[in-house]
Amino acid sequence: MKVNFVIGATASGKSGYAVNLAKKLSTEVVGADSVQIYREFNIGSAKIKAEEMCGVRHHLIDILDPECPFSVMDYQIEAKSAISDIARRCGEVVVCGGTGFYINSLVFELDELPSADAAIRARLECMESEELVDFARAAGMKLEGLDIKNKRRLIRAVEVFELTGKELGSFRSLPHTDIEPVFHYLRAERSFLYERINARVEQMIDCGLVAETESILKKYGASPQALGSIGYRQACEYLNGECNLEVMTENIKQATRNYAKRQETWFRRYLREFPADVNFINI
RNA sequence: GCCUUGGUAGCUCAGUCGGUAGAGCAGCAGACUGAAAAUCUGCGUGUCGGUGGUUCGAUUCCGCCCUGAGGCA
């Protein structure tokens, strides 16, 4: 099954491009964005507005309440089902988003790993990285190939080992799914992209990012995982009195630029595996 | 005009009891299997403000000049 993926760094103009492409192909759009999944995270996630959809139906945007946990596996299940439904009705499919990890789950199968286990994570979270390494060794786990300085990954690896008795690396099979991707990669000079990001952050703040964050905090507390994402995290710091508005603005711009760079690193490497299936669009 | 204090990496600053210098951030490059807008890794030559002097050797000590900040008149 052929699927169009509209990808690129944040603020590269994916949403608008995807709407146009979907209109041309008489089809619908599936989001691939880990924050836009959530209702109420609108301004800070640069979620497409109803009027900007121009009548094109969008899937996997606004499907969850803020307090619901969500992971790539959940994404894969939901997105695959939406994709086959759209393919059956419209023929073509457009997926659009900047979460490379989610895109990946549609192109390569995820191995049958256990899901996150809150109790195990809570227990491991209390340890320092070095303690975790000793703990894993003592449990008989092999550590080669593991990024032992990355606590979050280390915890995941130990979690998988405790639940299955096998190393995370031993699951690595990653077969292709039945999706044949065609990538539309939006790209720009780094400095130009950074200017667009700076301008968009100013816009988000003018449009009420702080008020949006405050309202989410009021309704759900600080626990929603998306509150840790760019924009919301800094707005929380501001609301906690940790910085003033100007510092918050600069911090959001900075974090967004850093993120855009990480996205480009991901996509650059990723697209090397599909040299014949990439349509480069310079913005 | 005088006094004090600063001028070192793109930015904020450390340091060299005289042997030409290093952190954080930025920037760049990279990793990525159920938290991924997350998490983590690697990369540091710059007339040490200018110019004279002392010295084998000065960014470091001394003189003068330029310049920022504060104070006294």
Side-chain angles (χ1 to χ4, degrees), chain A residues 8-12 14 31-38 41 43-47 64 67-79 97-118 120-122 124-125 129 132 145-157 159-161 163-164 166-175 177 190-191 193-194 197-198 200-201 204 209 213 223-236 247 250-270 272:
Chain A
T10 188
S12 60
K14 297 183 291 295
D33 187 297
S34 63
V35 182
Q36 294 182 8
I37 280 279
Y38 290 105
F41 286 78
I43 298 167
S45 72
K47 194 181 287 169
L64 283 181
E67 75 267 33
C68 300
F70 192 74
S71 72
V72 232
M73 190 59 202
D74 303 315
Y75 178 79
Q76 188 192 51
I77 293 164
E78 297 300 324
T99 304
F101 195 37
Y102 284 9
I103 305 266
N104 177 66
S105 76
L106 300 176
V107 180
F108 294 99
E109 207 60 68
L110 292 166
D111 288 307
E112 295 207 3
L113 293 171
S115 293
D117 184 304
I120 293 180
R121 284 189 184 188
L124 299 177
E125 201 71 57
S129 289
L132 270 167
L146 265 183
D147 183 356
I148 57 169
K149 289 188 181 165
N150 191 334
K151 187 174 170 186
R152 182 170 286 202
R153 295 254 175 74
L154 200 51
I155 288 176
R156 174 61 180 158
E159 175 183 66
V160 169
F161 188 76
L163 292 169
T164 66
K166 292 198 273 185
E167 275 80 13
L168 180 55
S170 69
F171 287 91
R172 190 170 287 274
S173 54
L174 300 173
T177 61
R190 190 66 59 78
S191 55
L193 184 66
Y194 284 0
I197 286 170
N198 293 342
R200 196 176 70 172
V201 169
M204 285 178 177
L209 172 62
T213 307
S223 55
Q225 64 187 39
L227 278 178
S229 64
I230 295 163
Y232 298 99
R233 173 184 296 208
Q234 292 80 4
C236 287
V247 169
E250 288 315 303
N251 288 348
I252 295 175
K253 288 178 183 174
Q254 186 58 255
T256 310
R257 282 183 249 128
N258 293 158
Y259 170 54
K261 189 178 180 307
R262 265 179 274 133
Q263 286 178 300
E264 293 199 324
T265 299
W266 173 285
F267 288 128
R268 192 183 305 149
R269 184 210 49 171
Y270 202 71
R272 268 189 236 128

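First the proteins, then the strands, lettered A, B, ... as listed; each starts at 1.
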Open item on the list: Roughly how many Å apart are B:C13 and B:G70, using the P atom of each and rounding to a whole number?
Closed with: 15 Å

- [ ] Give the C-alpha distance, both sets of side-chain angles, the deciding distance and a yes or no for side chain to side chain donor-acceptor pair (under 3.5 Å) between A:T256 and A:R200.
- [x] CA-CA 10 Å; A:T256 310; A:R200 196 176 70 172; over 6 Å; no

TODO: Under 3.5 Å for both distances, Watson-Crick or G-U wobble, that's the pair rule; now give the dot-bracket for RNA chain B, with | marking pairs to another strand and [ ] for crossing ones.
DONE: (((((((..((((.....[..)))).(((((.......))))).....(((((..]....)))))))))))).

Task: Residues in side-chain hydrogen bond (donor to acceptor under 3.5 Å, both in side chains) contact with A:Y38, at least two apart in sequence or another chain - done: A:Q225

Open item on the list: What's A:G231 touching, base or sugar-phosphate or nothing? Going by heavy atoms closer than 4.0 Å.
Closed with: nothing

Task: A:L110 vs A:G100, nearer the 5' end of RNA chain B by closest nucleotide - done: A:L110

TODO: Kindly compute the distance separating CD1 (A:I103) from CD (A:Q76), expressed to the nearest 0.5 Å.
DONE: 13.0 Å

Open item on the list: Among residues at least two apart in sequence or on other chains, which ones pass ring-ring contact (aromatic ring centres under 6.0 Å, His included) with A:F267?
Closed with: A:Y185

Task: Residue A:W266, side-chain atoms from C-beta onward, closest of B:A31, B:A36, B:A29 - done: B:A36

TODO: Pick base, sugar-phosphate or nothing for A:V72, based on heavy-atom distances below 4.0 Å to the nucleic acid.
DONE: sugar-phosphate

- [ ] Kindly indicate whether the side chain of A:D117, heavy atoms from C-beta on, has any atom under 4.5 Å from the side chain of A:R121.
- [x] no

TODO: Considering only NZ, NE, NH1 and NH2 on the basic side and carboxylate oxygens on the acidic side, decide whether A:E264 and A:K261 come within less than 4.0 Å.
DONE: no

Task: Ring-face cation of A:R269 near A:W266 (centre distance under 6.0 Å, axis angle within 45°) - done: yes

Open item on the list: Using the side-chain heavy atoms of A:R272, tell me which of these nucleotides is nearest: B:G30, B:A37, B:A35.
Closed with: B:G30

TODO: Please check if the side chain of A:K151 supplies one atom and the backbone of A:E125 the other of a donor-acceptor pair under 3.5 Å.
DONE: yes

- [ ] Look at the aromatic rings of A:Y270 and A:F108 and report parallel, tilted or perpendicular, splitting at 30° and 60°.
- [x] perpendicular

Task: P spacing across the pair B:A9 / B:A14, given as an integer number of angstrom - done: 12 Å

Open item on the list: I need the CD1-C1' distance between A:I120 and B:G34, as an integer number of Å.
Closed with: 13 Å

Open item on the list: What is the separation between atom CZ on A:F267 and atom C1' on B:A36, rounded to the nearest whole Å?
Closed with: 11 Å

- [ ] Report the residues that fulfil side-chain hydrogen bond (donor to acceptor under 3.5 Å, both in side chains) with A:K47, sequence neighbours left out, ordered by chain and then residue number.
- [x] A:N42, A:D62

Task: Residue A:Y259, side-chain heavy atoms: nucleotide from B:A37, B:U41, B:A35 that is nearest - done: B:A37

Task: Whole-Å C1' distance, B:U20 and B:A31 - done: 37 Å

Open item on the list: I'd like the P distance from B:U12 over to B:G19, given in whole Å.
Closed with: 27 Å

Open item on the list: Under 4.0 Å, heavy atoms only, any strand: does A:S45 hit a base, just the sugar-phosphate, or nothing?
Closed with: base

Open item on the list: If I take atom CD in residue A:Q263 and atom P in nucleotide B:G30, what distance separates them, rounded to the nearest angstrom?
Closed with: 15 Å

- [ ] Round to a whole Å and report the spacing from CZ of A:R262 to P of B:A37.
- [x] 8 Å

Task: Nucleotide B:G34, atom P - distance to CG of A:D74 in whole Å - done: 12 Å

At a cut-off of 3.5 Å, list every protein nitrogen or oxygen paired with a nitrogen or oxygen from nucleotides 25-27 of chain B, distance to 0.1 Å.
residue: B:A26; atom: OP1; partner: A:N258; partner atom: OD1; Å: 3.4
residue: B:A26; atom: O3'; partner: A:Q254; partner atom: OE1; Å: 3.1
residue: B:G27; atom: OP1; partner: A:Q254; partner atom: OE1; Å: 3.3
residue: B:G27; atom: OP2; partner: A:Q254; partner atom: OE1; Å: 3.4
residue: B:G27; atom: OP2; partner: A:N258; partner atom: ND2; Å: 2.8

TODO: Answer yes or no: does a side-chain N or O of A:R153 lie under 4.0 Å from OP1 or OP2 of B:C40?
DONE: no

TODO: Consider the side chain of A:R269, meaning its heavy atoms from C-beta on, and name the nucleotide among B:A35, B:C32, B:U33 that approaches it most closely.
DONE: B:C32

Task: Of A:A46 and A:L113, the one whose closest RNA chain B nucleotide lies more 5' - done: A:L113

Task: Length of the OH-C1' vector between A:Y75 and B:U33, whole Å - done: 16 Å

TODO: For A:E264 and B:A29, give me the distance from atom CD to atom P, rounded to whole Å.
DONE: 8 Å

TODO: Answer yes or no: does a side-chain N or O of A:T99 lie under 4.0 Å from OP1 or OP2 of B:A37?
DONE: yes

Open item on the list: Taking B:U59 as the reference, what is the distance to B:G18 when you measure between their P atoms (whole Å, please)?
Closed with: 14 Å

- [ ] Ignoring the backbone of A:D147, work out which of B:C40, B:A36, B:A37 is nearest its side chain.
- [x] B:C40

Open item on the list: Checking the side chain of A:T177 only, and the main-chain atoms of A:L106 only, is there a donor and an acceptor separated by less than 3.5 Å?
Closed with: yes

- [ ] Among the candidates B:G30, B:U39, B:A37, find the nucleotide nearest to the side-chain atoms of A:S229.
- [x] B:A37

Open item on the list: Distance check, C1' atoms only: B:C65 and B:G57, in whole angstrom units.
Closed with: 25 Å

Open item on the list: Between A:Q225 and B:A37, is there a contact of a side-chain N or O with OP1 or OP2 at under 4.0 Å?
Closed with: no

- [ ] Please determine if a side-chain N or O atom of A:R156 lies less than 4.0 Å away from the OP1 or OP2 oxygen of B:A36.
- [x] no

TODO: Could you tell me whether the phosphate oxygens of B:A36, OP1 or OP2, come under 4.0 Å of any side-chain nitrogen or oxygen in A:Y102?
DONE: yes

Open item on the list: Between C1' on B:C32 and NZ on A:K151, what's the gap in Å once rounded to a whole number?
Closed with: 19 Å

Open item on the list: Can you tell me whether the base of B:G34 sits syn or anti, using the 90° cut around 0 to define syn?
Closed with: syn

Task: Euclidean distance for P, B:A73 against B:G10 (whole angstrom) - done: 41 Å

Open item on the list: For A:D147, give me all partners under side-chain hydrogen bond (donor to acceptor under 3.5 Å, both in side chains), at least two apart in sequence or on another chain.
Closed with: none

- [ ] Between B:A36 and B:A21, how far apart are the P atoms? Round to whole Å, please.
- [x] 46 Å

